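Data first, discussion second: the structure below is written as structure tokens.
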Amino acid sequence: MEMTKRKILNGMRFLSFTVDNENYCMDILRVKELMGMTAITPLPRTPQFIRGVINLRGQIIPIIDLRLKFGLPFQEYTKRTCIIVVEINREEENMLMGLVVDAIQEVVNIPEDKMAKIPYINAKIKSEYIKGIADTPEGMKIVLDVLKVLNDEELAVVKDSAMETAEVS
């Protein structure tokens with residue numbers, strides 16, 4: 001019993017969510033805020049999956065629709081659609097980014113021994129975005145690597161467009 005408790009405590013905590021009826025999760029330490037859908041200001045000359053930017057307490061945050069990023073068709077936003085604001089670090093710079101997901105589920109503990117790194121996953125998204133697969137009491141969850149959702153080139157486009165928008169505001 002004591003060993004089981006210790007394993008649970010040693011596990012990491014993840015926020016679970018759905019995109020196109022697939023169960024995903026991400027490291028809770030990357031999550032800064034959860035919010036419902038809000039008005040998004042479109043950005044010119046950006047890929048379709050970059051929906052635009054929002055102003056969150058004076059900070060301009062780019063919004064990425066994970067459905068579109070994963071190559072899935074756009075789906076109208078509903079009352080369950082949410083934005084997960086995450087913090088990413090690139091080139092020694094911290095940046096906030098919003099990820100649009102179909103629905104947020106819950107925070108789950110996943111012991112390290114329940115997470116498997118799998119080189120190929122028959123999922124709807126590219127394997128480079130995936131850290132692994134987690135076997136949870138709620139079922140299998142795909143662990144998303146938030147740092148790899150945007151590559152350096154896409155991140156540069158987002159930052160440049162967000163700066164232009166901030167200067168205009």
Side-chain angles (χ1 to χ4, degrees), residues 1-40 49-72 74-90 93-119 121-150 155 158:
M1 178 78 173
E2 186 62 34
M3 186 63 173
T4 305
K5 281 184 184 176
R6 193 171 299 131
K7 276 188 179 178
I8 289 172
L9 292 174
N10 288 339
M12 295 175 58
R13 294 172 58 89
F14 294 86
L15 176 68
S16 63
F17 57 93
T18 59
V19 174
D20 198 41
N21 296 318
E22 292 257 7
N23 292 318
Y24 295 90
C25 61
M26 70 175 67
D27 185 346
I28 194 81
L29 296 177
R30 292 260 170 233
V31 177
K32 295 301 166 198
E33 188 161 336
L34 304 174
M35 55 190 295
M37 281 308 296
T38 186
I40 300 172
F49 65 85
I50 301 172
R51 301 301 294 162
V53 292
I54 61 170
N55 184 331
L56 182 65
R57 293 183 290 283
Q59 189 169 4
I60 303 298
I61 299 174
I63 304 297
I64 305 338
D65 188 316
L66 285 183
R67 281 180 151 275
L68 299 176
K69 177 62 183 172
F70 296 165
L72 299 167
F74 178 76
Q75 180 174 304
E76 289 298 321
Y77 299 140
T78 68
K79 62 182 180 187
R80 293 195 40 93
T81 306
C82 295
I83 298 173
I84 303 172
V85 179
V86 297
E87 184 174 41
I88 60 172
N89 322 57
R90 284 274 174 79
E93 180 182 355
N94 288 344
M95 177 180 165
L96 293 179
M97 175 173 67
L99 303 174
V100 177
V101 299
D102 293 348
I104 292 174
Q105 294 176 316
E106 61 192 338
V107 175
V108 294
N109 283 325
I110 303 174
E112 287 181 43
D113 63 343
K114 295 291 183 188
M115 185 146 14
K117 290 190 185 340
I118 299 174
I121 299 171
N122 189 15
K124 297 174 184 170
I125 67 171
K126 293 181 181 176
S127 59
E128 65 209 46
Y129 305 146
I130 299 173
K131 261 189 186 173
I133 296 288
D135 184 11
T136 70
E138 297 80 28
M140 297 297 267
K141 296 195 184 293
I142 299 169
V143 181
L144 194 65
D145 188 343
V146 177
L147 297 178
K148 293 187 179 166
V149 169
L150 287 185
L155 199 57
V158 168

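If you read the sequence from its start, that first residue is 1, and numbering goes on from there. Computed from a predicted structure; not experimentally measured.
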Check your understanding: What residues form a salt bridge (charged side-chain N to carboxylate O under 4.0 Å, His left out) with D102, not counting sequence neighbours?
Key ->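 D102 satisfies salt bridge (charged side-chain N to carboxylate O under 4.0 Å, His left out) with R67 once adjacent residues are dropped.
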Exercise for review: Using salt bridge (charged side-chain N to carboxylate O under 4.0 Å, His left out) as the criterion, list what pairs up with E87, not counting sequence neighbours.
Suggested key: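 Partners of E87 under the salt bridge (charged side-chain N to carboxylate O under 4.0 Å, His left out) test: K32.
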Can you measure from [atom1] ([X]) to [atom2] ([Y]) and round to the nearest 0.5 angstrom?
X: S16; Y: L144; atom1: OG; atom2: CG; value: 12.5 Å
X: K141; Y: L15; atom1: NZ; atom2: CG; value: 10.0 Å
X: I50; Y: D65; atom1: CD1; atom2: CG; value: 11.5 Å
X: T38; Y: I40; atom1: OG1; atom2: CD1; value: 7.5 Å
X: L99; Y: I61; atom1: CG; atom2: CD1; value: 11.0 Å
X: K131; Y: C25; atom1: NZ; atom2: SG; value: 9.5 Å

Decide yes or no for [X] and [Y]: does some side-chain heavy atom of the first lie under 4.5 Å from some side-chain heavy atom of the second?
X: M12; Y: I110; result: no
X: I130; Y: V143; result: no
X: P62; Y: M95; result: yes
X: M37; Y: V100; result: yes
X: V146; Y: I88; result: yes
X: R30; Y: I84; result: no
X: L56; Y: M35; result: yes

Point to revise | Closest heavy-atom pair and its distance - L29, D27 | key: N-OD1, 2.9 Å
Study note, to complete from the structure: Between Q59 and L96 the two heavy atoms that sit nearest each other are OE1-CD1, 3.4 Å
Exercise for review: Evaluate side-chain contact (heavy atoms from CB on, under 4.5 Å) for I142 paired with I133, printing each intermediate quantity in order.
Suggested key: CA-CA 5 Å; I142 299 169; I133 296 288; 3.7 Å; yes
Exercise for review: Measure centre to centre between the rings of F17 and F14, then say whether the value is under 6.0 Å.
Suggested key: no
Point to revise | Test item: D20 side-chain N/O and E22 main-chain N/O as donor-acceptor pair under 3.5 Å | key: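 Checked: no pair found.
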Check your understanding: Got a sec, which pairs hit salt bridge (Lys or Arg N to Asp or Glu O under 4.0 Å) with one end in residues 74-86, sequence neighbours left out?
Key ->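 Applying salt bridge (Lys or Arg N to Asp or Glu O under 4.0 Å) to every pair that reaches into residues 74-86, excluding sequence neighbours, yields nothing.
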